[in-house]
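Report on the structure given below.
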Amino acid sequence: MSSPAMPFPEAEQGNTKAVRQHLSPNQRAWRRFRLNRRAVLSAWFLLLLATAVLAWPLLLKCASLGGPKGITFATQYHPDKVSDKQFQPPGREHWCGTDVHGRDLLSRILFGAQVSLLVGLVGAAVSLVIGVLWGAIAGFAGGRTDSVMMRFVDVLYSLPSIIFVIVLITTLEQGFSTLLNSLSPVIGKFARLLFLFVGLGAVSWLTMARIVRGQVLSLKTRPFVEASRALGAGPAHILLRHIIPNVLGVVIIYLALTVPAIVLYESFLSYLGLGIQPPMASWGSLIAEGADQMNPIRIYWWLIAYPGLFLVTTLLALNFVGDGLRDAWDIRGT
């Protein structure tokens with residue numbers, strides 16, 4: 001009696017290769033990303049953090065519209081509510097303790113995450129818009145246009161970035177703070193945040209412009225670009241329809257790596273007192289407030305430990321996601 005026929009290994013390998021050939025490069029990259037456990041776990045952590053940051057203010061708002069218990073809950077955990085429960089250590093009522101004014105530290109951390117992450121996302125958006133367009137135009141135009149545009153980038157690169165941001169924010173605040181306050185008190189309240197956007201956005205796009213330019217220089221001599229040019233397509237059509245879509249993989253990678261760098265910049269500036277001003281809070285300003293309460297008699301460790309833990313964990317998760325995207329789109333590694 002003959003044994004059942006076993007499938008040939010060569011046939012299995014051929015089927016696997018056939019399936020891989022039907023996948024686009026982006027689909028293969030996302031498959032490789034999903035196999036990176038560290039990057040996937042980091043992405044889930046960032047998703048949970050974003051959900052908590054967005055849901056916590058809504059929860060307090062809904063609780064304030066409820067009965068007496070809801071109003072008490074919303075008042076107790078409001079990030080700016082001053083109470084007589086100063087320096088309470090972490091416990092059942094306040095999971096991360098309270099600060100010098102008796103405010104719930106966890107609530108202030110979640111509200112501070114809105115500022116820190118918003119600054120990082122705005123910096124990434126500036127890098128996406130200005131950096132991609134600047135690098136694509138410089139690389140595609142070539143010649144004198146490329147030389148002039150990239151020399152401007154080199155000049156900004158030669159400046160110490162953090163000192164340049166500090167000088168820019170200080171100059172803008174001295175020149176426009178009074179004007180913004182006279183136009184609208186609301187705008188004046190968020191003037192420092194606007195100056196942070198401008199200062200950090202001024203240095204966030206430089207690396208992106210260089211990277212995109214290098215990619216465009218290698219793509220503009222490809223046969224599909226020459227074919228499009230022979231068919232009468234203009235420079236704008238070639239850039240928008242053929243070149244920029246082919247550099248999106250690299251752009252996504254460096255966007256993911258730009259966000260943690262901008263968040264760290266903002267935290268450092270807030271720690272120095274050049275960032276968000278009270279009563280607004282960011283992770284950097286919370287760490288600075290905790291450092292101010294350090295004394296030889298008693299150390300309120302939770303005032304630094306919890307904001308620092310959120311900051312470090314988020315930065316690690318963002319970097320792990322960026323590394324995972326870079327490995328997924330790195331064709332040389334496959």
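From a predicted model like this one, the values you see are computed outputs, not experimental measurements.
With hydrogens and angles ignored, the 3.5 Å screen pairs a side-chain donor or acceptor of Gln86 with a backbone N or O of Ser83. Within the 3.5 Å criterion, the main-chain N or O of Gly139 finds no donor-acceptor partner in the side chain of Arg213. The closest donor-acceptor contact from the side chain of Thr75 to the backbone of Thr72 lies at 3.5 Å or more, if one exists at all. Put simply, the side chain of Thr171 gets close to the backbone of Val167: a donor and an acceptor are under 3.5 Å apart.
Side chains of Ser204 and Ser127: a donor-acceptor N/O pair is absent below 3.5 angstrom, by distance only. Side-chain N/O atoms of Thr221 and Glu226 include no donor and acceptor closer than 3.5 Å. Checking Ser285 against Glu289 by side-chain atom types alone, no donor-acceptor pair falls below 3.5 Å.
Counting only heavy atoms from C-beta outward, the side chains of Leu105 and His94 never approach each other to under 4.5 Å. Counting heavy atoms from C-beta on, the side chains of Val263 and Leu311 come closer than 4.5 Å. In this structure, Leu257 and Leu318 have side chains that are not in contact, with every pair of non-hydrogen atoms separated by 4.5 Å or more. Under the 4.5 Å side-chain criterion, counting only non-hydrogen atoms from C-beta, Met208 is in contact with Val132. You'll find the side chain of Tyr77 stays beyond 4.5 Å of the side chain of Leu106, heavy atoms only.
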Name the atoms and distances for all side-chain donor-acceptor pairs under 3.5 Å in residues 50-59, with sequence neighbours left out.
from, atom 1, to, atom 2, distance (Å)
Thr51, OG1, Leu47, O, 2.8
Trp56, NE1, Ser107, OG, 3.0

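Atom CZ in Arg326 sits 11.0 Å away from atom CG in Asn36 (nearest 0.5 Å). Separation of atoms CD (Gln88) and CG (Asp99) is listed at 11.0 Å; rounding is to 0.5 Å. For the atom pair CD1 of Ile238 and CZ of Phe224, the computed distance is 10.0 Å after rounding to the nearest 0.5 Å. If you take OG on Ser282 and CG on Leu196, they are separated by 8.0 Å, rounding to the nearest 0.5 Å. Rounding to the nearest 0.5 Å gives a distance of 5.0 Å between CG of Leu240 and CD1 of Ile244. Expressed to the nearest 0.5 Å, how far CZ of Arg108 lies from NZ of Lys81 amounts to 14.0 Å.
Using cut-offs of 30° and 60° on the angle between ring planes, the pair Trp30 and Phe33 is perpendicular.
Classification of Arg32 and Asp327 as a salt-bridged pair fails, no side-chain N sitting under 4.0 Å from a carboxylate O. Salt bridge annotation for Asp104-Lys85: absent, with no cationic side-chain nitrogen under 4.0 angstrom from a carboxylate oxygen.
In terms of heavy atoms, Ala281 sits closest to Val115 at O-CG2, 3.5 Å. When all heavy atoms of Ser116 and Glu266 are compared, the closest pair comes out as OG-OE1, 3.2 Å.
Arg92 meets the side chain to side chain contact (heavy atoms under 4.5 Å, CB included) test with no other residue; sequence neighbours excluded. Take Arg241 and apply the salt bridge (Lys or Arg N to Asp or Glu O under 4.0 Å) test, not counting sequence neighbours, and it matches no residue. Scored by the salt bridge (Lys or Arg N to Asp or Glu O under 4.0 Å) test, Asp154 finds Arg151, Arg210 as partners (sequence neighbours excluded).
Screening Tyr271, Phe310, Phe268 against Ile287 for a side-chain contact (heavy atoms from CB on, under 4.5 Å) leaves a single residue, Tyr271. Among Leu159, Leu156, Val165, the one residue that satisfies the side-chain contact (heavy atoms from CB on, under 4.5 Å) test with Val203 is Val165. Tested against Val312 for a side-chain contact (heavy atoms from CB on, under 4.5 Å), the candidates Leu315, Leu309, Thr314, Leu316 yield a single pass: Leu316.
Note on Leu239: it clusters hydrophobically with Leu219, by side-chain heavy-atom contacts below 4.5 Å among ILVMFWY residues. Grouping the Ile, Leu, Val, Met, Phe, Trp and Tyr side chains by contacts below 4.5 angstrom, directly or via other members, places Val126 apart from Val129. The hydrophobic cluster containing Val259 also contains Ile252, counting ILVMFWY residues as joined when their side-chain heavy atoms lie under 4.5 angstrom apart, directly or transitively.
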List the steps and the verdict of salt bridge (charged side-chain N to carboxylate O under 4.0 Å, His left out) for Arg38 and Asp323.
CA-CA 10 Å; Arg38 186 172 58 182; Asp323 290 341; 5.3 Å; no
What do the steps show when you test Trp44 against Val40 for side-chain contact (heavy atoms from CB on, under 4.5 Å), and what is the final call?
CA-CA 6 Å; Trp44 276 110; Val40 172; 3.7 Å; yes
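Legend: ring pair (Phe, Tyr, Trp, His ring centres under 6.0 Å) pairs involving residues 279-305, not counting sequence neighbours, sorted by first then second residue: Phe87-Tyr300, Tyr300-Trp302, Trp301-Tyr306. Contacts classified as side-chain hydrogen bond (donor to acceptor under 3.5 Å, both in side chains) and involving residues 242-256 (residues at least two apart or in different chains) are given here: Ser228-His242.
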